[in-house]
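Below is one structure; the comments refer to it alone.
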Protein chains: 4
Amino acid sequence: MNKDNKLLTQQEEKKIKIFEAARRIVSEKGYEKTTMLQIAKAADVATGTIYEYFENKEDLFLTIAAEQYGLFDEELKIHFSGIKSAFEKIRKYIWFYFYFFQKDPLYSEIWLLVIRLNKSLAQSTAYPWIQQSGKEIIDLLKAGQEEGMIRKDIDLYVMRHLLLGSLEHAMTRWLLKGKTYDMLSYSEKISDLIIDAIKK
Amino acid sequence: MNKDNKLLTQQEEKKIKIFEAARRIVSEKGYEKTTMLQIAKAADVATGTIYEYFENKEDLFLTIAAEQYGLFDEELKIHFSGIKSAFEKIRKYIWFYFYFFQKDPLYSEIWLLVIRLNKSLAQSTAYPWIQQSGKEIIDLLKAGQEEGMIRKDIDLYVMRHLLLGSLEHAMTRWLLKGKTYDMLSYSEKISDLIIDAIKK
Amino acid sequence: MNKDNKLLTQQEEKKIKIFEAARRIVSEKGYEKTTMLQIAKAADVATGTIYEYFENKEDLFLTIAAEQYGLFDEELKIHFSGIKSAFEKIRKYIWFYFYFFQKDPLYSEIWLLVIRLNKSLAQSTAYPWIQQSGKEIIDLLKAGQEEGMIRKDIDLYVMRHLLLGSLEHAMTRWLLKGKTYDMLSYSEKISDLIIDAIKK
Amino acid sequence: MNKDNKLLTQQEEKKIKIFEAARRIVSEKGYEKTTMLQIAKAADVATGTIYEYFENKEDLFLTIAAEQYGLFDEELKIHFSGIKSAFEKIRKYIWFYFYFFQKDPLYSEIWLLVIRLNKSLAQSTAYPWIQQSGKEIIDLLKAGQEEGMIRKDIDLYVMRHLLLGSLEHAMTRWLLKGKTYDMLSYSEKISDLIIDAIKK
DNA sequence: AATGAATGAGTTTTCATTCAT
DNA sequence: GATGAATGAAAACTCATTCAT
């Protein structure tokens, strides 16, 4: 390892430190109430240093959002591997949804309470991953229909509302209630009900 | 009408003017990005005048929220009148949900994007109407089970996640997408799917 | 009594009501922290009504100050009646000082904590009574010297500092300590010491 | 001197610049009428910069007051050095009181502020230096009594009223009158009178 | 690359005063 | 004369961003 390489590594580390600090604080306080100074202190860097790695506050926030989505997507792909049936994938998706958010409540807060409802994010074309995130479910449902496992009399988008809506609602309540009760028992029942509703 | 009556009306009018201006701007920009000066200008009053009618920014915001919920609740009751069956009420509820939010998109934005997901609001006991809003559905579902119209093998709370989750998700997407497409055709299909899922 | 007379009386009463309310609140909170609305509410009138009787906040405050001084002066004159010796008058003055402030702590707070330390008041020539208030002591001391009862080797102004300074300091402490202890026993001792210091 | 040292000095200088500007303006206009913007402009910094060095307006003000008291106390100690007799220390104290205020009129105006501050903070335990300031005189007087130089028939607190009251009164008048007359000739005479009154 | 002091526009809120009724 | 709603200037304080070191 040469000097440059080592420096790069140190930089990467610093970027991650800032990233993690920002993620933690944003999930605690929300975007508007998180200040750059808070992030800087939590990351143990100077405020100016944040601007070495991120354009500005919005960029930092958007990077977190993209990363957040990427992580979900990446892990999901791993969990999908080996499963061929679209229907089974949907089952898996539901399970994974609860599993992922429960595993890392920090992430789920950012996703559910911050990103998902950001109007400018939702309408922006600059961040294609946001548009992307919903399309996959549509593809899965369509494939499930073609397999003959999912009812064909219902619009795909309607089913997506039912699917994602139920999941998000359940998780959001759990977050807002302070994560005090056990999510696991719920998740299974919700899974059953959703599957029951969309299957042939 | 006497002089006093007229004065009262003028006052009420001004309060409503501020109220409507605040509602409009908050729904456009969100709570944090709405300034008192913007509201004042939009309502064509001085900033100080807002403080004649509302304690502070939070109070103004909360008053809007309470009003919002109250209106939904009040209108819903009217629509429920004459309906005896709990199951039919649920049908009606779903229809009304779309109808109400579509009728007044300004209201729906505040409810769906601002109030519903505000952590401190959700956990606050100072605003009982927020807690109240979810309990009614539970009662309806329970009554539907007792009538024998709704399946008894599923937890009430799980069904509520499905019901409210689907509705909220559908409406939220519609809002975030800029209300560009027609909601009515969706609403009916979603209704069908939800009813289908929870009925015996 | 005619109508005009009765109206005048009602007005006088209203003015006094405002006056008393202002005095009470100013003594509690100080000049800067007293608002016109607080006074209006305490006097049970509208804010605009205060401006019917007083030019503005400063005028109201100054009127209180003048009244305050006038009351002290007026009562003092009564207590002086029958006393011929200047030396005895000084004795009386000291006693009266404690007596007056103790009798009406509201008055003393305004005088000691508000008026006395107000720079613009002290330097103003618009309020001759303020200048006047100190001159009387000088006259008394001078007369005492001429009577041969008060030492002549000390500058009159120096003696006034000792006299008024001691009194004000003692009363101020009493006020600041919450008027919890008995002032009477002190006042006598302080009297003795001051008299002792200035007498021949 | 290294770079760090120089930086520290620059910071200190800026803090002092703000401090001095605040002191000057507060002494001119009083606490309530001094705005943070005025201080910022006078110190040639941005308003935000003040908040880098002081918590808020009250903290800035309290720091000035504490500094003021500390300075008095510190210098007094130096002047006390070499003097053994408590009685002589009291003589010195009186002299120093006038000397200190005359030497730096800017400081002395702040003292008026301190007096006023004392009024509002007299009952507060958060600023121990305020309570402290009066106790020292009691100790000195007591020691003077034990030396046999100060009369024992008078309560210590009564003597303190005479001593501090006279000094404060003389200085306050001088300050409020705009420091137009010569204080030195007075101070000596007041000294003589006070000493005369309390000595055996 | 890293720092963090400095910036100052922007925000909420207050309150003496006015004036139409 | 009395009212009190309306005013809006002014204040304290915040914080994303910059830039000299």
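All heavy atoms count here, side chains included; hydrogens, waters and symmetry mates do not. Order of the sequence lines fixes the chain letters, A, B, ..., with proteins taken first and strands second; residue numbering starts at 1 for each chain.
Closest to the side chain of C:T35, out of E:dT13, E:dA16, F:dA16, is E:dA16. The nucleotide whose nearest atom lies closest to any side-chain atom of B:M36 is, among F:dT14, E:dT12, E:dT17, E:dT12.
In this structure, A:D59 places its CG atom 14 Å from C1' of F:dA16, rounding to the nearest Å. One interatomic measurement links the two molecules: CG of A:L37 to C1' of F:dT17, which rounds to 13 Å at whole-angstrom precision. Look at NZ on B:K41: it is 13 Å from P on E:dT12, rounded to the nearest Å. The distance from atom NZ of A:K57 to atom P of F:dT14 is 15 Å, rounded to the nearest whole Å. In this entry the distance linking CD1 of C:I50 with P of E:dA16 reads 9 Å, nearest Å. Atoms CD (A:E13) and C1' (E:dA1) sit 15 Å apart, rounded to a whole Å. The distance between atom OH of D:Y51 and atom P of F:dA16, rounded to the nearest whole Å, is 17 Å. One interatomic measurement links the two molecules: CZ of D:F54 to C1' of F:dA12, which rounds to 16 Å at whole-angstrom precision.
An end-to-end axis angle of 10° holds for the helix from E:dA2-F:dT21 to E:dT21-F:dA2, taken from five base pairs per end and rounded to 10°.
Sequence neighbours left out, the pairs with a member in residues 60-70 of chain C that pass side chain to side chain donor-acceptor pair (under 3.5 Å) are C:Y69-C:D73, C:Y69-C:E136.
Every side chain to side chain contact (heavy atoms under 4.5 Å, CB included) that A:T47 has, sequence neighbours left out, goes to A:L37, A:A40. By the side chain to side chain contact (heavy atoms under 4.5 Å, CB included) test, C:E28 pairs with C:R24, sequence neighbours left out. Judged as a salt bridge (charged side-chain N to carboxylate O under 4.0 Å, His left out), and not counting sequence neighbours, the contacts of B:E20 are B:R23. Checked against side chain to side chain contact (heavy atoms under 4.5 Å, CB included), C:E52 has no partners two or more places apart in sequence or in another chain.
Across D:V45 and D:I50, no two heavy atoms sit closer than the pair CG2-CG1, 4.4 Å.
Cation-pi contact between A:K15 and A:F54: present, with separation from the ring centre below 6.0 Å and deviation from the ring axis of at most 45°. Relative to the six-membered ring of B:Y31, B:K57 meets both conditions, a distance below 6.0 Å and an angle of at most 45° to the axis.
Between C:E55 and B:N56, the residue anchored closer to the 5' end of DNA chain E is B:N56, taking for each the nucleotide with the nearest heavy atom.
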> Quick one: what's the B/S/- string for nucleotides 1-6 of chain F, heavy-atom cutoff under 4.0 Å, read 5' to 3'?
Replying inline: SBBBBB
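Residues B:K33 and A:E32 are in side-chain contact: their nearest non-hydrogen atoms beyond the backbone lie under 4.5 Å apart.
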